[in-house]
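The next block holds one structure in the form of structure tokens; read it before the comments.
Remember, predicted model here, so these are calculated numbers, not experimental data. Excluded from the calculations below are hydrogen atoms, water molecules and symmetry mates; all remaining heavy atoms, backbone and side chain alike, are included.
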Amino acid sequence: MKIYWSGERKNIIGEKVRAYRKEKGLTQKALAEKMQLAGYDVTDLTILRIESGDRFVPDYEVKALAAALQVSYEALLDE
């Protein structure tokens with residue numbers, strides 16, 4: 001598998017995840033717990049790395065994050 005990466009951020013949704021998480025009044029730990037309840041192996045450190053752009057986010061996690069944040073996945077992907 002070839003991963004295309006600009007060398008800066010490893011995802012384009014991190015800043016939106018942070019904004020929606022704060023808008024919903026969730027901590028990184030609370031968001032991670034929502035993801036865990038949905039069956040994903042995510043910790044608060046994972047959320048931190050996503051938000052800071054230090055972690056690649058596969059498409060199935062984008063969809064799961066959107067569900068946990070109660071937004072559309074398109075909202076996370078729109079720049």
Side-chain angles (χ1 to χ4, degrees):
M1 172 174 74
K2 183 167 182 159
I3 296 175
Y4 297 93
W5 175 40
S6 68
E8 293 176 21
R9 297 182 61 83
K10 294 182 180 177
N11 68 62
I12 62 171
I13 69 165
E15 292 173 4
K16 293 245 179 162
V17 169
R18 177 181 289 126
Y20 284 121
R21 176 181 61 77
K22 289 184 175 186
E23 179 181 299
K24 305 286 183 179
L26 296 170
T27 63
Q28 291 173 336
K29 183 175 174 100
L31 179 55
E33 288 170 351
K34 287 182 91 166
M35 295 284 291
Q36 290 168 2
L37 288 172
Y40 295 90
D41 186 21
V42 174
T43 66
D44 52 335
L45 178 59
T46 307
I47 301 299
L48 171 69
R49 294 184 66 222
I50 289 170
E51 290 181 354
S52 65
D54 293 334
R55 182 179 183 275
F56 289 103
V57 183
D59 53 1
Y60 65 89
E61 284 184 355
V62 172
K63 199 169 178 183
L65 281 163
L69 292 167
Q70 299 176 331
V71 298
S72 68
Y73 64 86
E74 292 95 341
L76 292 180
L77 295 171
D78 284 343
E79 293 192 54

What distance separates [X] [atom1] from [Y] [atom2], expressed to the nearest 0.5 Å?
X: L76; Y: Y20; atom1: CG; atom2: OH; answer: 6.5 Å
X: Y73; Y: I13; atom1: OH; atom2: CD1; answer: 13.5 Å
X: T46; Y: D54; atom1: OG1; atom2: CG; answer: 12.0 Å
X: Q36; Y: D44; atom1: CD; atom2: CG; answer: 8.5 Å

Side chain to side chain donor-acceptor pair (under 3.5 Å) involving T27 - partner list, sequence neighbours excluded: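 T27 satisfies side chain to side chain donor-acceptor pair (under 3.5 Å) with no other residue.
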Who are the side-chain contact (heavy atoms from CB on, under 4.5 Å) partners of E61, not counting sequence neighbours?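 Partners of E61 under the side-chain contact (heavy atoms from CB on, under 4.5 Å) test: R55, V57, P58.
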Take L48 and T43 through the test side-chain contact (heavy atoms from CB on, under 4.5 Å) and record every step on the way to the result. CA-CA 9 Å; L48 171 69; T43 66; over 6 Å; no
Quick one: are [X] and [Y] in side-chain contact, heavy atoms under 4.5 Å?
X: L26; Y: K34; result: yes
X: V17; Y: N11; result: no
X: V42; Y: L65; result: no

Could you tell me whether K24 atom NZ has more than 12 heavy atoms of other residues or ligands within 6.0 Å of it?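 Result for NZ/K24: enclosed.
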Has D78 got more than 12 heavy atoms of other residues, nucleotides or ligands less than 6.0 Å from its CG?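 Yes, CG of D78 has more than 12 neighbouring heavy atoms, counting only those of other groups under 6.0 Å.
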Would M35 end up clustered with L77 when hydrophobic side chains under 4.5 Å apart are linked, directly or stepwise?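 Linked, M35 and L77 end up in one cluster.
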Verify same cluster id: I47, L37 (apolar side-chain graph, 4.5 Å):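 Shared cluster, no.
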Taking E51 as the fixed residue, which of R21, K16, E15 is the one that meets the side-chain contact (heavy atoms from CB on, under 4.5 Å) rule?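 Only one of R21, K16, E15 forms a side-chain contact (heavy atoms from CB on, under 4.5 Å) with E51, namely R21.
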